[in-house]
Colleague: 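Take a look at the following structure, please.
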Amino acid sequence: MHKDIATPVRTKEILDKYGFSFKKSLGQNFLIDTNILNRIVDHAELTDGSGAIEIGPGIGALTEQLAKRAEKVVAFEIDQRLLPILEDTLSPYPNVKIIHSDVLKADVHAVMEQEFAQFEDVMVVANLPYYVTTPILMKLLEERLPIRGIVCMMQKEVGDRISAKPGTKEYGSLSIAVQYYTKAETVMIVPKTVFMPQPNVDSAVIRLTLHDEPPVKVTDEAFFFHVTRSSFAQRRKTILNNLTSQLPDGKQKKESIQAALQQAGVEEQRRGETLSIEEFAQLSNALYPYFH
Ligand code: SAM
């Protein structure tokens, strides 16, 4: 048996062998704790027949643990310098494929059709680069990939916003966007000490399980998301003030907005952070005819 990649000693050996220097701009904080990695993979509930998609394999710490439990792993890595390293560290795992690409520019649907055509169960599992966590997650969700869910490490503060409930200070348009597509849970809080180099912020592992059906029915998804973002534009303002200042011609259409609020049963003095996802759906459906 060879040694796991995710130990401080082996990680240092690999970095030294290749003279690798971390690029902060690419969010390179590698995991050096096999125990944490195993717990992350546990939360993905993979079986022998599962496929796994990883974003940012680094030197292969998480990829290796995924390769042991999934049938096939496909990983997107942006940093060309890591390709020869991954070829070396992951050589014992023939079920891994690395794609050299910025995941934000990649055609993930096409990759899934090619690599996972016969798979019934595919999970995304990643220790995400923190500088692009939200764009990556929103891309994966908005593209409606045929995946079961996503288990990923991120900055704790972003995780708190994603899984936040109405009435909390973390709750906002990101909570609603993610919870529209998934059931969101924080499953682990992770200390800085398990990374090399250590990040400046605390981390959390979030599990997102895709809904079969969205939890609410909306007339127009893009408009629904526009209304939720508008409602949080200035957190201290009332929902009426935010909507009149943010929606197109909102000031002239103030009376229509008031009518829609009343129709949706939302008092105009409330703040966006108190509205549930159901109330936002009712409100955007009531507003829709006045703006189209
Ligand atoms: N999975 C490894 C681990 O846990 O040790 C590395 C995780 S590190 C936090 C993030 C990784 O994502 C780095 O390898 C970085 O080069 C890569 N990365 C950053 N931006 C990316 C992007 N847009 N597309 C694909 N990979 C990216």
Side-chain angles (χ1 to χ4, degrees), residues 1-20 22 26-103 106-108 110-129 136 140 145-153 188 190 194-196 205 207:
M1 275 288 284
H2 55 89
K3 288 179 286 174
D4 280 322
I5 298 167
T7 65
V9 173
R10 176 107 197 271
T11 298
K12 273 204 201 84
E13 269 171 25
I14 296 166
L15 299 176
D16 288 348
K17 178 173 169 189
Y18 288 92
F20 184 84
F22 294 103
L26 290 180
Q28 292 179 335
N29 300 93
F30 297 167
L31 278 163
I32 49 165
D33 187 318
T34 316
N35 182 35
I36 295 278
L37 283 166
N38 275 319
R39 285 171 52 204
I40 296 173
V41 180
D42 284 346
H43 285 296
E45 296 175 350
L46 302 172
T47 62
D48 290 346
S50 299
I53 297 177
E54 187 188 357
I55 293 142
I59 59 170
L62 174 59
T63 329
E64 173 176 58
Q65 304 306 328
L66 289 170
K68 289 183 194 171
R69 295 218 234 157
E71 186 162 335
K72 183 172 185 179
V73 185
V74 173
F76 294 88
E77 175 54 61
I78 197 172
D79 188 348
Q80 188 159 17
R81 300 172 307 152
L82 289 165
L83 302 188
I85 307 183
L86 287 163
E87 208 172 296
D88 176 8
T89 58
L90 297 174
S91 59
Y93 305 99
N95 58 339
V96 174
K97 175 163 181 171
I98 306 292
I99 297 179
H100 177 217
S101 161
D102 175 347
V103 72
D107 185 345
V108 185
V111 169
M112 286 194 72
E113 266 169 41
Q114 199 174 334
E115 304 294 339
F116 294 113
Q118 310 302 325
F119 285 67
E120 282 184 8
D121 179 58
V122 180
M123 282 296 282
V124 174
V125 187
N127 170 18
L128 289 173
I136 292 176
L140 298 175
L145 299 170
I147 54 175
R148 172 162 51 91
I150 303 174
V151 172
C152 60
M153 178 95 75
M188 280 167 74
V190 180
V194 300
F195 297 90
M196 185 188 290
V205 176
R207 176 167 61 192

Colleague: Do Leu31 and Met153 pass the side-chain contact (heavy atoms from CB on, under 4.5 Å) test, and can you show the C-alpha distance, the side-chain angles, and the key distance before you say yes or no?
Modeller: CA-CA 10 Å; Leu31 278 163; Met153 178 95 75; 3.9 Å; yes

Colleague: Donor-acceptor pair, Asn127 side chain versus Asn29 backbone, under 3.5 Å?
Modeller: yes

Colleague: Compare every heavy atom of Glu54 with every heavy atom of Thr63, then report the nearest pair and how far apart it is.
Modeller: OG1-OE1, 2.6 Å

Colleague: Could you report the tightest heavy-atom contact between Leu82 and Gln28, atom names first, then the distance?
Modeller: CD1-NE2, 3.8 Å

Colleague: Closer than 3.5 angstrom, by distance alone: can the side chain of Asp121 be matched with the main-chain N or O of Arg148 as a donor-acceptor pair?
Modeller: no

Colleague: Mark yes or no for whether Gln65, through its side chain, and Val41, through its backbone, hold a donor-acceptor pair below 3.5 Å.
Modeller: no

Colleague: Within the distance-only criterion (no hydrogens, no angle test), does the side chain of Ser50 pair as donor or acceptor with the backbone N or O of Thr47 below 3.5 angstrom?
Modeller: yes

Colleague: Do Tyr18 and Arg81 pass the side-chain contact (heavy atoms from CB on, under 4.5 Å) test, and can you show the C-alpha distance, the side-chain angles, and the key distance before you say yes or no?
Modeller: CA-CA 9 Å; Tyr18 288 92; Arg81 300 172 307 152; over 6 Å; no

Colleague: Is there a donor-acceptor contact under 3.5 Å from the side chain of Lys3 to the main chain of Arg10?
Modeller: no

Colleague: Are any side-chain N or O atoms of Arg207 and backbone N or O atoms of Met188, one a donor and one an acceptor, separated by less than 3.5 Å?
Modeller: no

Colleague: Would you sort out whether Asp79 and Phe20 count as a side-chain contact (heavy atoms from CB on, under 4.5 Å), showing the intermediate values?
Modeller: CA-CA 11 Å; Asp79 188 348; Phe20 184 84; 4.0 Å; yes

Colleague: Pick from Thr11, Val9, Leu15: which one makes a side chain to side chain contact (heavy atoms under 4.5 Å, CB included) with Glu13?
Modeller: Val9

Colleague: Given 3.5 Å as the limit, does a donor-acceptor pair link the side chain of Arg69 with the main chain of Ala44, or not?
Modeller: no

Colleague: Where do Leu86 and Gly60 come nearest, in terms of heavy atoms and distance?
Modeller: CD2-N, 3.5 Å

Colleague: Keeping Glu77 on the side-chain end and Gly58 on the backbone end, is there a donor-acceptor pair under 3.5 Å?
Modeller: yes

Colleague: Less than 4.5 Å apart, any side-chain heavy atom of Phe119 and any of Met112?
Modeller: no

Colleague: Identify the two heavy atoms, one from Glu64 and one from Tyr93, that lie closest to each other, and give their separation to 0.1 Å.
Modeller: OE2-OH, 3.0 Å

Colleague: Name the one of Val74, Ile147, Leu145 that satisfies side chain to side chain contact (heavy atoms under 4.5 Å, CB included) with Val122?
Modeller: Ile147

Colleague: Starting at CG of Leu37, measure out to CG of Asp42 and round the result to the nearest 0.5 Å.
Modeller: 11.0 Å

Colleague: If I take atom CG from residue Leu90 and atom CD1 from residue Ile85, how far apart are they, to the nearest 0.5 angstrom?
Modeller: 11.0 Å

Colleague: If you define the side chain from C-beta out and look only at heavy atoms, does anything of Met196 sit under 4.5 Å from Lys12?
Modeller: yes

Colleague: List the steps, then state whether side-chain contact (heavy atoms from CB on, under 4.5 Å) holds for Phe76 with Ile53.
Modeller: CA-CA 8 Å; Phe76 294 88; Ile53 297 177; 3.9 Å; yes

Colleague: Which heavy atom of Leu26 sits nearest a heavy atom of Pro129, and at what distance?
Modeller: O-CB, 3.6 Å

Colleague: Can you tell me if Asp16 has over 12 outside heavy atoms packed within less than 6.0 Å of its CG?
Modeller: yes

